[in-house]
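Input: a single structure, listed below in structure tokens.
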Protein chains: 2
Amino acid sequence: MAKPEDQIGVVAALVRTAFLVNAVYSESAREFGLTQQQGQLLCVLMPQAYAMGELSTILGLAKSSLTGLVDRTERNGLVRRDPDPRDPRGIRVTLTPAGADLADRFYTETCRRVAELPATLSDQERDTVAGLLGRVIHDNRVPVVFSETP
Amino acid sequence: MAKPEDQIGVVAALVRTAFLVNAVYSESAREFGLTQQQGQLLCVLMPQAYAMGELSTILGLAKSSLTGLVDRTERNGLVRRDPDPRDPRGIRVTLTPAGADLADRFYTETCRRVAELPATLSDQERDTVAGLLGRVIHDNRVPVVFSETP
DNA sequence: TATTGTTATACTCTATAACTATA
DNA sequence: TATAGTTATAGAGTATAACAATA
């Protein structure tokens with residue numbers, strides 16, 4: 001039972017929730033032999049391929065940081081650089097079959113773990129949180145780094 | 001206006017909110033010449049000093065990772081290693097005056113930015129989010145890496 | 001000239017294993 | 001023996017600046 005003095009403000013609630021989710025995400029990635037960043041890259045690529053510049057924007061990283069991340073993930077056989085047929089300068093980063101398989105499994109397990117976090121909320125309370133955070137996400141134009149229906 | 005098809009599940013809501021808050025936190029730290037990790041260390045140390053092992057638990061890092069983080073933050077003049085009077089093996093990591101000052105300013109500005117994220121929610125909706133996430137935090141024993149009343 | 005992506009360089013962050021010093 | 005913390009090592013993540021190739 002939450003006592004009144006347990007009530008925290010929305011800022012601390014958001015920051016500490018982020019810390020919690022982050023820890024769960026990292027731990028899940030780790031158990032699949034991924035870093036958090038590589039796991040995030042795989043999740044972004046699940047629905048479709050992207051150019052380096054697009055990934056840079058979506059993930060909020062400098063382009064050269066992306067080069068390194070894709071290098072390492074490619075070296076692990078999880079993604080591939082395909083030429084962009086419409087622009088010889090560009091490439092499309094795509095999941096390999098092994099990458100798609102691992103992404104599926106990582107995604108499923110991470111969803112399972114994150115879903116456990118609000119275990120003590122009622123179904124209706126979970127819907128309420130989802131709806132309100134969904135508006136925060138929408139209004140702040142958060143990129144789709146993790147979609148519920150991949 | 002959120003249309004029904006904008007409704008996302010609680011898992012995606014949590015993961016994408018974490019991504020958003022993380023980006024804001026990092027960006028704020030960066031503008032104060034801090035990394036996200038150093039900023040987090042300062043925030044944890046605002047209310048009190050801690051031993052290395054305690055910080056390791058609070059931040060979820062290996063002890064040797066803490067050694068490096070404290071080394072770099074100490075080199076920047078923001079924290080200090082004080083001997084633990086009760087155990088010559090132990091130390092207490094403490095904010096220096098410069099560190100306390102920077103922590104205050106970083107904390108205040110970060111709060112301001114995070115508080116803007118739910119700008120389009122009503123006061124009551126913000127309270128609802130805070131209450132529900134507060135329970136998630138409580139039930140998952142999230143360490144106090146960021147308190148609302150430092 | 002502007003855009004796409006990579007390279008070179010320099011840090012920071014992190015973990016594992018081995019170590020020192022003290023309880 | 002167990003605990004507190006550091007060192008050694010290796011790799012991953014990140015940014016800035018300079019670069020190459022193409023539009």
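Within every chain, numbering begins at 1; the chains are lettered A, B, ... in the order of the sequence lines, protein sequences first and strands thereafter.
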Please identify each residue that fulfils salt bridge (charged side-chain N to carboxylate O under 4.0 Å, His left out) with R105(A), with sequence neighbours left out.
D101(A)
Give, ordered by number, those residues of residues 15-38 of chain A having at least one heavy-atom distance below 4.0 Å to an atom of DNA chain D; if nothing qualifies, reply none.
T35(A), Q37(A), Q38(A)
With a non-hydrogen cut-off below 4.0 angstrom, is R75(A) in contact with a base, only sugar-phosphate, or nothing?
sugar-phosphate
With sequence neighbours left out, write down each residue that passes ring-ring contact (aromatic ring centres under 6.0 Å, His included) with F146(A), or none if nothing qualifies.
Y107(A)
For R126(A), give me all partners under side-chain contact (heavy atoms from CB on, under 4.5 Å), at least two apart in sequence or on another chain.
P118(A), L121(A), D123(A), V10(B)
Below 4.0 angstrom, which residues in residues 93-103 of chain B have at least one non-hydrogen atom near DNA chain C?
none
Close approaches to DNA chain C from residues 67-74 of chain B, in residue order (heavy atom, under 4.0 Å)
L69(B), R72(B)
Please list, one pair per line, the donor and acceptor atoms closer than 3.5 Å that link side chains of residues 45-60 of chain A to other protein atoms, with sequence neighbours excluded.
unit_1 : atom_1 : unit_2 : atom_2 : d
Q48(A) : OE1    : Y50(A) : OH     : 3.4
E54(A) : OE1    : A51(A) : N      : 2.8
S56(A) : OG     : L61(A) : O      : 2.5
T57(A) : OG1    : G53(A) : O      : 3.2

Set of salt bridge (charged side-chain N to carboxylate O under 4.0 Å, His left out) partners for E27(B), sequence neighbours left out:
none
Which residues pass the ring-ring contact (aromatic ring centres under 6.0 Å, His included) test with Y25(B), not counting sequence neighbours?
F106(B)
Once side chain to side chain donor-acceptor pair (under 3.5 Å) is applied, what residue pairs with a partner in residues 12-23 of chain A remain, sequence neighbours excluded?
N22(A)-Q36(A)
The salt bridge (charged side-chain N to carboxylate O under 4.0 Å, His left out) partners of R86(B) (sequence neighbours excluded) come to D84(B)
Polar-atom pairs under 3.5 Å, protein N or O versus N or O of nucleotides 1-4 of chain D: list them with distances, or write none.
unit_1 : atom_1 : unit_2 : atom_2 : d
dT3(D) : O2     : R89(B) : NH1    : 2.5

